[in-house]
Colleague: 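Once you've had a glance at the structure underneath, I'll fire off some questions.
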Amino acid sequence: MLVHSFRIFKGRIGKRGGHLGFIHYLSIIAFCVSLLALLFIDVIELWLTSLGMSKEGLHVVDLPHSIPPTRSEEYLLMPSIHVCQRAKPYLITLVATAPQNRKARQAIRDTWGGEVQIRGHRVMTLFIVGQPSDPVLGKELVEESKERGDLIQGRFLDSYGNLTLKTLSMLGWARRFCPQACYLAKVDDDVLFNPSALLQYLNHSVKTAESELTELYLGRVHIRVAPDRNPTSKHFMSETAYSGVVFPDYCSGTAYVLSRPALLKLSLAAFAIRLPSPLPPEDVFVGICAHRAGITPTHSPLFSGGPAVPYSRCCYQTMVSVHHTKPGDMVQYWTEVHSTAPCSWLGKRTSLGFCKVRALLGTLLGRDS
Ligand SMILES: *[C@@H]1O[C@H](CO)[C@@H](O)[C@H](O)[C@H]1NC(C)=O
Ligand SMILES: *[C@@H]1O[C@H](CO)[C@@H](O)[C@H](O)[C@H]1NC(C)=O
């Protein structure tokens with residue numbers, strides 16, 4: 001049967017010019033396949049990631065039923081405790097920032113962080129910092145907080161090794177002072193975030209009424225990452241701190257989103273974990289807590305977190321987060337992306353395809369930052 005149809009196929013092609021005709025057909029097919037792959041590169045990425053994600057059942061540990069409420073004394077600086085009651089944000093974005101990164105904070109306020117209403121939803125952006133070792137910086141933060149009212153400062157030394165404390169501080173603040181928010185986004189201060197694209201994603205993908213939010217832990221999922229056992233490394237993790245061969249799948253810390261129910265459950269799990277020293281990386285820690293709480297991460301190709309995404313207008317209109325963005329570039333990209341007309345469906349698809357391929361080539365050629 002197969003041989004028979006092959007003969008017919010060969011016969012037909014033969015009439016059209018033999019060998020050359022066959023190559024001709026092949027290249028048309030190859031072209032169409034690559035075009036489709038380019039247009040639906042995010043679907044392919046999603047599928048490949050889901051193949052790689054850990055399939056083992058979650059063995060959920062017993063979580064405490066409640067934890068002590070967050071006290072306002074845990075924060076040295078914060079906006080009015082009524083800030084969320086007044087603004088009623090649907091989405092609150094908390095930006096993890098270092099005391100000295102004033103320029104980055106200003107760029108965010110001047111761009112995506114300045115938005116208050118998007119696609120019919122209220123949104124709010126605040127910054128979370130620790131304590132600087134330099135008292136001059138400390139005073140400047142107090143001034144900045146008085147002026148802008150958008151800083152939350154936890155009681156811990158602001159350092160790379162303490163990022164997990166920053167996240168715990170952030171979760172505690174959101175839990176206690178912002179119960180109005182349905183979604184919490186944690187974003188780094190070098191990320192060009194696109195709340196509009198996120199809200200669109202949530203509207204299309206999370207089809208539940210607001211009254212029954214599901215547990216969502218969304219971002220760029222890192223799969224099967226092994227702990228770094230080199231004691232001199234910045235990400236060192238001892239066997240006693242984490243004994244597993246690989247970490248549970250987790251969302252890249254550059255930008256991830258938690259729904260309110262996920263935030264509450266994750267906080268319970270975090271409370272039950274004894275923090276090792278040195279602390280695990282922030283995103284790994286959140287992944288471990290999510291795993292213990294029985295929450296699986298959801299991957300979205302619209303979050304960057306791997307290779308840097310080269311700038312292109314329609315691609316940046318589509319992406320939810322792009323990291324490694326300098327403050328000056330952030331203002332320029334945002335203005336370009338938002339002062340021009342929305343890209344067409346085809347424009348967005350091709351642009352996303354091209355910038356993903358370029359990002360991938362950049363990594364392969366070793367130009368990743
Ligand atoms: C969400 O989708 C519905 C239709 O499914 C639409 O009516 C609504 O305006 C959308 N909301 C946002 C915020 O995009
Ligand atoms: C983290 O913060 C605590 C409390 O401020 C401090 O004692 C500790 O030295 C900090 N750790 C690092 C690695 O900076």
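We're numbering straight along the sequence, starting at 1. Just follow the structure's listing: the first ligand is 1, and inside any ligand the first atom is 1. Model, not experiment: these values are computed from the prediction.
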Colleague: Check each of P278, S133, S159 against atom 14 (O) of ligand 2 and report the one with the nearest heavy atom.
Modeller: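 It is S159 whose heavy atom sits nearest to atom 14 (O) of ligand 2.
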Colleague: Output the list of atoms in ligand 2 that are nearer than 4.0 Å to some heavy atom of L157, sorted by atom number.
Modeller: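 Under 4.0 Å from L157, ligand 2 has these atoms: 2 (O), 4 (C), 5 (O), 14 (O).
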Colleague: Would you call R105 and E147 a salt bridge, using N to O less than 4.0 angstrom?
Modeller: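 Salt bridge: no.
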Colleague: State plainly whether the residues E282 and K166 are in salt-bridge range, i.e. N to O under 4.0 Å.
Modeller: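 Salt bridge between E282 and K166, a charged N being under 4.0 Å from a carboxylate O: no.
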Colleague: Please state which protein non-hydrogen atom is closest to atom 2 (O) of ligand 2 and give its distance, to 0.1 Å?
Modeller: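 Of the protein heavy atoms, N162 ND2, 2.3 Å lies nearest.
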Colleague: Fit a plane to each ring of W112 and F193, take the angle between them on a 0 to 90° scale, and name the class: parallel (under 30°), tilted (30 to 60°) or perpendicular (over 60°).
Modeller: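 Perpendicular: the ring planes of W112 and F193 meet at over 60°.
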Colleague: Can a salt bridge be assigned to the pair E74 and R176 using a cut-off of 4.0 Å between side-chain N and carboxylate O?
Modeller: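 No, E74 and R176 are not salt-bridged.
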